[in-house]
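Residue numbering restarts at 1 for every chain, and letters A, B, ... go by the order of the sequence lines. These numbers were taken from a predicted model, which means no experiment stands behind them.
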Number of protein chains: 2
Amino acid sequence: MVLPRAARTQRRTRIQEEKEELILEAALDVFATHGFRGSTIDQIAEVAGMSKPNLLYYFRTKEAMHRALIDRVLDSWLDPLREFDAEGSPVSEIRSYIRRKLEMARDFPRESRLFANEILQGAPHIEDELKGPLKSLVDEKAEVIRSWAKSGKIAKCDPYHLIFAIWSTTQHYADFDVQVRGVLGDERSGEGRFEDAARFLEQLFVSGLEIRDGGA
Amino acid sequence: MVLPRAARTQRRTRIQEEKEELILEAALDVFATHGFRGSTIDQIAEVAGMSKPNLLYYFRTKEAMHRALIDRVLDSWLDPLREFDAEGSPVSEIRSYIRRKLEMARDFPRESRLFANEILQGAPHIEDELKGPLKSLVDEKAEVIRSWAKSGKIAKCDPYHLIFAIWSTTQHYADFDVQVRGVLGDERSGEGRFEDAARFLEQLFVSGLEIRDGGA
DNA sequence: GTAATGTTTTACCAACCGGTCAAATTATCA
DNA sequence: TGATAATTTGACCGGTTGGTAAAACATTAC
């Protein structure tokens, strides 16, 4: 019988798992570089190496594909922030948060771009997640940072804008990769640029948050 | 006679100037939120309040509209960096560069998003500009920063990554506006968020670049 | 006023879009 | 093996897309 995908409650077939993975992989490629509206099912099908109706057998709509991707990415995207530990030392926590985010930008640039495209275009599919789970997590970690500042472990600063600054500087290397490479030139565009970036950002944030002698 | 737009060498009509401006304004709206491929001529025409063929009388293709916009934006986008003055004091130059970029993010968010979309999608229309004029300008200013570091006016750091960090943190408030608002919540999403951001970023960069006592 | 030019509209096209359908093919398992 | 269910394919559909042609309309210059 040919049941619509969503109606199947049975365990998934081996083929199903493989093909769905294959499709999401292709969809990630395409959505990440063209955004939702700029991507076509034909294009995704071609990258996945299958016919369009075949692809639509696994995901019944373009939106279903996009949603599946977004859900997966959004979840893993916040892992580094979840690991942010209130018990650790501020400097080492911030330092390793930066490192983790930078590693993600290096290792999963398509995921970062998928997300960036979605936000840029007004986050039509994930506004609820932004105002719900994401906000809660950030609120929680912002409170941690605030307490560090209050107890004099780091300089006083707005914790939300600190988080924004870490997000933007690290994701920049994934989202604006073409620009970064263009500006750095071919010689400096090797993988070493991530090490350079890590060094710079750690210096910036760590000494930028140090307590000054003449601090207010 | 009906000459193709590109072939007209005569002075432009009053109507031409007005309509072209009207169209570019509408196109900026649409391209900025949907990217090139995600935007349609019909949509732009509707926003501009004219019929599609009428619009196509002024810009013969979708690409022509996009190019006209990109050219204009790219130019004004670099103005703050051009003002970056080698003769000024490092701290005040960096401080006012941050302020200017932040003001642009606040006052011209669509322009920022148009640019972000273009880069995100691999900069298919402006790769040459990135590797040419943009790179040259950045190279020049990076040299200024390097000389400041060398003469001990600011901490040693990679000037390119410093510039990237300023770009990303400031443009973040335009490009990721939905996310910023979502996380800050309704109460803190007023215009005051730009003042908060300015305060935070100035503190971060200024004290992050100060010379340490125990500096290497 | 009128002729030349500039502008707008209506009607249209071929290609592409997201998605459906039914038939053909292949895998699974008793 | 054969029956049954899962997968793949090709043909197709209505709507949208970027863009054109030509005629109607408006504006300007003389």
*Would you give the length of the straight line joining atom CG of L120(A) to atom CD1 of I119(B), rounded to the nearest 0.5 angstrom?*
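One finds 11.5 Å between CG of L120(A) and CD1 of I119(B).
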Measure from [atom1] on [X] to [atom2] on [N] and round the result to the nearest Å.
X      : N       : atom1 : atom2 : answer
L55(B) : dT7(C)  : CG    : P     : 14 Å
E17(A) : dA6(D)  : CD    : P     : 15 Å
M50(B) : dT9(C)  : CE    : P     : 9 Å
K62(B) : dC16(C) : NZ    : P     : 14 Å
E46(A) : dC16(C) : CD    : P     : 12 Å
I23(A) : dT7(D)  : CD1   : C1'   : 12 Å
H34(B) : dT17(D) : NE2   : C1'   : 15 Å
L56(B) : dT10(C) : CG    : P     : 16 Å

_Angle between ring planes, F36(B) versus F31(B), binned at 30° and 60°: parallel, tilted or perpendicular?_
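Correct class here is parallel.
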*If the plane angle is over 60° it's perpendicular, under 30° parallel, otherwise tilted; pick one for F84(A) and Y97(A).*
perpendicular
*Results of side chain to side chain donor-acceptor pair (under 3.5 Å) for R193(B) - residues two or more places apart only*: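 Partners of R193(B) by the side chain to side chain donor-acceptor pair (under 3.5 Å) criterion, ordered by chain and then number, come out as D177(B).
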Look at the side-chain N and O atoms of [X] and state whether any lies under 4.0 Å from the OP1 or OP2 oxygen of [N].
X      : N      : value
Y58(B) : dG6(C) : no
Y57(A) : dT7(D) : yes
S51(A) : dT8(D) : no
N54(A) : dT9(D) : yes
Q16(A) : dT7(D) : yes

*Ignoring hydrogens and angles, state whether a donor on the side chain of Y160(A) or D139(A) is under 3.5 Å from an acceptor on the partner side chain.*
yes
*Taking the side chain as every heavy atom from C-beta outward, state whether E63(B) and H125(B) have any atom pair closer than 4.5 Å.*
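E63(B) reaches H125(B) side chain to side chain.
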*5'-most contact on DNA chain D: K19(A) or D42(B), nearest heavy atom basis?*
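The residue whose closest nucleotide sits nearer the 5' end is K19(A).
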*Nearest-nucleotide pick for T40(B), side chain only, options being dG10(D), dT17(D), dG19(D)*: dT17(D)
*Does a side-chain N-to-carboxylate-O contact under 4.0 Å join D158(B) and R188(A)?*
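Judged by the 4.0 Å cut-off on N to carboxylate O distance, D158(B) and R188(A) do form a salt bridge.
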Please list, for nucleotides 26-28 of chain D, all pairs of protein and nucleotide N/O atoms separated by less than 3.5 Å.
from, atom 1, to, atom 2, distance (Å)
dT28(D), OP1, R14(B), NH2, 3.4

*Answer with yes or no whether K52(A) presents, from its side chain, a donor or acceptor under 3.5 Å of a partner atom in the base of dG18(C).*
yes
